[in-house]
Amino acid sequence: MGTRGVIGMPRVTNADIADVLDRLADLLELDNADQFRLRSYRRAAETVRGYPEELANLHAQRKLTTVPGIGKSLAEKIAEYLDTGQIGYLEELRAKYPEGVVEMLNIPGFGPRSAARVFQELHISSIAELEQAARAGRLRTLPGFGAKTEERLLHNIELYLQASERGLLADVLPVAKGLLAKLRALPEVAQAEIAGSVRRRRETVGDLDLLVTSEQPARVCEAFRGFEELVEVIAAGDTKVSARLESGRQVDLRVVPQESFGAALQYFTGSQQHNISVRYRANQKGLTINEYGVFVEEGDAKGDLVAGRDEEEVYAAIDLPWIPPELRENRGEIEAAEAGTLPALIEPGDIKGDLQVHTRYSDGHQSVREMAEAARALGYRFIGITDHSPSLYVAGGMTSDEVRWQHDEIVEANAEYEGQGVKFTVLHGLEADILPDGTIDIPEEVYQLFDYIVGSVHQGFTPDADRMTTRVVGAIESGLIDFVGHPTGRVLLKRDAYGLHLDAVLEAAASHDVALEINAFPNRLDLCDVDARRARDRGVRLTINTDSHDVAHLGFMQYGVYTARRGWIEAADVVNTWNLEDLRSWFRKRR
DNA sequence: GCCGTTTTCGGCCCGACTGTTTTCAGTCG
């Protein structure tokens, strides 16, 4: 932030712009701005983060205000940022509130009103100073702050400093399912579901939301508080419990009556922006929606309940079909639902095989045969073995001799399957390095043995987006590779994507009919949802693969499918949902 | 801040829990 947008500097991405808008919103909160004005900034940030077109391009065409939620004022600020790398208004606010005060907003239970007050009235401008003041009992001099507030604050500062970060979906989902099973086993519980971002299958999640229906909500809350997984109860009433897991992750349980289940599930699934749009739409129709149901609006009196038992009913009340949770990000799903153009999303069962799998020939843990058998057990029709090419020494890249031995093994396995009448095929692929000079690491003398080639970047990362783009586009145009593995190189919670001009990559992929991978490994999920959607919109084919290095990894396929669903992807867009014959003839086109 | 087949002004989603302010503001989701 702050220095982008200057000629010759890395291109400003939508994510950069979204970050700036969020930072503006943080500062405006401290400044006690009107809540609706604030919402405009937050909403715009979320829209921009998921927007399929680069705002930098739109700005060049003077079309920023075509983005929903961006009017004259925000367009000017975004334009200023794109042109100069700065926003005067943002700098003004920054001068007013030190960075340390903005950071206080991250402390649980300590919001903008509190942060602004301790700064203005006690001149506290960092979390360290805040902690000192609380210890010294100086905060209670402020009206509304008591000893208990100080005590809680100190505890919450500890929590923030331990940074209970977002977690990978694959780490949190099993925990959520475990808690769900325990809730379902309670005699007072009628129905229980996971809600929140976990249900929307976001790639990383913060809190965990659980929803239960019961006639005896207080008893359910009581029982939940006793779960051994909870190390601390943050807040607890008769219908709601907030607690913390040992990992530091917060869990929120809500209990509602059965007739409200659908309304509550819809509400607690979010996203917040999706719900705002849903409720606004309800208001337009003379209805009001809360977590207990859809009601006819009748002034101040509680109107008649018209829906709420299940989600279908809730959406039907506002004349929409049910919308899959993965799409509920306010990225056009409501408009698509209204127009009857929601995608028929890909499902895990559509996948017929995994096309990126490693064995002991490079850095995998098992043999070709063991991986094949594990894939068969999953009900697949084929598996593609793709060990590393020679230049990736660190990962045991194969020599040409090893490629031949592996090939013999695969031929033998296939012969055996055929002899037994088993409809299962092992494909021989290669994960070839796209080298820093743009060439692709394929041993020429064995090239003809491969059914297909995956091109991936593993070394020579550079922050120079132009050079990275040239490399990847060059690989696509070489005619040698069938798809690009983990195209942006990001590692969730660890490493950002190397800068890549995705538009150029998509254009090349579309015109050369090269697919892009959605790598299903839980810390990659690369392409991400938004990029996958952009690819699909450009007519680029996709493939979802686990990049397994162990039989246990084959089960990661579900996470790739979730990401694809969040990217509005249908089965036909994904080459490994095709029949083996169709897939093979697509591979052969290139040979 | 944005937005407009009821509006270019006046709307903008809604409720639970906490601490302390005896009627509510702040925070969160």
Side-chain angles (χ1 to χ4, degrees), chain A residues 21 24-25 27-29 31-45 47 64-78 89 104-118 139-140 142-153 156 195-200 205-211 217-218 221 233-243 250-256 260 263-264 266-295 297 302 314 318 330:
Chain A
L21 292 174
L24 265 166
L27 287 158
L28 284 167
E29 278 199 274
D31 215 38
N32 202 15
D34 173 72
Q35 56 160 325
F36 297 111
R37 198 172 151 222
L38 259 169
R39 184 185 300 169
S40 298
Y41 279 84
R42 297 282 184 211
R43 192 180 117 95
T47 302
L64 282 176
T65 54
T66 61
V67 180
I70 294 188
K72 187 165 173 284
S73 172
L74 283 177
E76 275 173 12
K77 291 183 176 74
I78 293 169
Y89 186 51
M104 289 180 202
L105 300 177
N106 297 320
I107 303 170
F110 198 80
R113 305 283 17 97
S114 308
R117 284 188 66 197
V118 298
L139 295 184
R140 66 187 75 171
L142 294 176
F145 281 75
K148 209 153 181 181
T149 308
E150 284 178 337
E151 196 183 313
R152 262 171 73 96
L153 174 61
N156 287 332
S197 55
V198 179
R199 182 164 182 244
R200 300 201 311 280
V205 295
D207 298 346
L208 194 61
D209 296 292
L210 299 169
L211 175 69
C221 288
V233 173
I234 301 164
D238 287 346
T239 63
K240 176 178 171 172
V241 177
S242 290
Q250 186 172 326
V251 188
D252 295 311
L253 172 75
R254 282 295 295 264
V255 189
V256 298
S260 300
Q266 194 285 322
Y267 177 56
F268 292 115
T269 296
S271 69
Q272 195 183 18
Q273 295 301 343
H274 174 85
N275 284 352
I276 287 172
S277 295
V278 162
R279 290 182 176 198
Y280 179 76
R281 188 177 166 91
N283 289 160
Q284 301 297 99
K285 296 180 184 294
L287 301 169
T288 180
I289 301 184
N290 59 33
E291 57 261 54
Y292 299 108
V294 183
F295 300 88
E297 230 158 9
K302 206 65 169 168
V314 173
I318 51 173
N330 205 35

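Convention: sequence-line order gives letters A, B, ...; per-chain numbering from 1.
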Distance check needed: [N] [atom2] versus [X] [atom1], whole Å only.
{"X": "A/Arg152", "N": "B/dC17", "atom1": "CZ", "atom2": "P", "answer": "14 Å"}
{"X": "A/Leu27", "N": "B/dG1", "atom1": "CG", "atom2": "P", "answer": "13 Å"}
{"X": "A/Asp238", "N": "B/dG15", "atom1": "CG", "atom2": "P", "answer": "18 Å"}
{"X": "A/Ile289", "N": "B/dG15", "atom1": "CD1", "atom2": "P", "answer": "12 Å"}
{"X": "A/Asn290", "N": "B/dC14", "atom1": "CG", "atom2": "C1'", "answer": "7 Å"}
{"X": "A/Leu38", "N": "B/dC2", "atom1": "CG", "atom2": "P", "answer": "13 Å"}
{"X": "A/Glu151", "N": "B/dT20", "atom1": "CD", "atom2": "C1'", "answer": "15 Å"}

Interface polar pairs with nucleotides 3-12 of chain B, N/O, under 3.5 angstrom:
from, atom 1, to, atom 2, distance (Å)
B/dC3, OP1, A/Gly69, N, 2.9

Exercise for the section: Give one of base, sugar-phosphate or nothing for A/Ala45, where a contact means two heavy atoms less than 4.0 Å apart. Expected result: nothing
Exercise for the section: Have a look at A/Thr288 and say if it touches a base, only the backbone sugar-phosphate, or nothing, with a 4.0 Å heavy-atom cut-off. Expected result: sugar-phosphate
For [N] and [M], measure between their [atom1] atoms and round to the nearest Å.
{"N": "B/dC3", "M": "B/dT7", "atom1": "C1'", "value": "10 Å"}
{"N": "B/dC17", "M": "B/dC12", "atom1": "P", "value": "25 Å"}
{"N": "B/dG1", "M": "B/dT8", "atom1": "C1'", "value": "15 Å"}
{"N": "B/dG11", "M": "B/dT6", "atom1": "C1'", "value": "13 Å"}
{"N": "B/dT20", "M": "B/dT27", "atom1": "C1'", "value": "15 Å"}
{"N": "B/dC9", "M": "B/dC14", "atom1": "C1'", "value": "24 Å"}

Exercise for the section: Check salt bridge (charged side-chain N to carboxylate O under 4.0 Å, His left out) between A/Arg152 and all other residues, then give those that pass, not counting sequence neighbours. Expected result: none
Exercise for the section: Taking salt bridge (charged side-chain N to carboxylate O under 4.0 Å, His left out) as the test, write out the residues that go with A/Arg140, two or more places apart. Expected result: A/Glu150
Exercise for the section: Not counting sequence neighbours, which residues clear side chain to side chain contact (heavy atoms under 4.5 Å, CB included) with A/Thr269? List them please. Expected result: A/Ala195, A/Arg199, A/Arg200, A/Leu265, A/Glu311, A/Pro325, A/Arg328
Exercise for the section: Please list, chain by chain and in numerical order, all residues satisfying side chain to side chain contact (heavy atoms under 4.5 Å, CB included) with A/Tyr89, sequence neighbours excluded. Expected result: A/Leu24, A/Leu28, A/Arg37, A/Tyr41, A/Lys77, A/Ile87, A/Glu92, A/Leu93
Exercise for the section: Please check the phosphate of B/dT20 (OP1 and OP2 only) for any side-chain N or O of A/Thr149 closer than 4.0 Å. Expected result: yes
Exercise for the section: Can you establish whether the number of heavy atoms outside A/Asp238 located under 6.0 Å from its atom CG is more than 12? Expected result: no
Practice task
Please say whether more than 12 non-hydrogen atoms of neighbouring residues, nucleotides or ligands are located less than 6.0 Å from NZ in A/Lys148.
Solution key: no
Practice task
For A/Asn275 and for A/Ala236, find the nucleotide of DNA chain B with the closest heavy atom, then tell me which residue's nucleotide is more 5'.
Solution key: A/Asn275
Check every atom of [options] against the side chain of [X] and return the nucleotide holding the closest atom.
{"X": "A/Lys77", "options": "B/dA16, B/dG1, B/dT20", "answer": "B/dG1"}
{"X": "A/Ala235", "options": "B/dC14, B/dT18, B/dG1", "answer": "B/dT18"}
{"X": "A/Ser73", "options": "B/dG15, B/dT20, B/dG1", "answer": "B/dG1"}
{"X": "A/Thr239", "options": "B/dT18, B/dC17, B/dG1", "answer": "B/dC17"}
{"X": "A/Tyr292", "options": "B/dT20, B/dG1, B/dA16", "answer": "B/dA16"}
{"X": "A/Ser40", "options": "B/dT18, B/dG1, B/dA16", "answer": "B/dG1"}

Evaluate the side-chain proximity of [Y] to [X]: yes if any heavy-atom separation is below 4.5 Å, no if none is.
{"X": "A/Glu291", "Y": "A/Ser260", "result": "no"}
{"X": "A/Ile276", "Y": "A/Arg43", "result": "no"}
{"X": "A/Leu21", "Y": "A/Leu74", "result": "yes"}
{"X": "A/Gln266", "Y": "A/Asn275", "result": "yes"}

Practice task
For B/dT8, give its Watson-Crick or G-U wobble partner with both distances under 3.5 Å, or none.
Solution key: none
Handout entry: Between A/Gln272 and A/Asn330: side-chain donor-acceptor atoms closer than 3.5 Å
Key = no
Completion exercise
Quick tally for nucleotides 22-29 of chain B: nucleotides whose base has a protein heavy atom under 4.0 Å get B, sugar-phosphate-only ones S, the rest -, giving ----SSSB
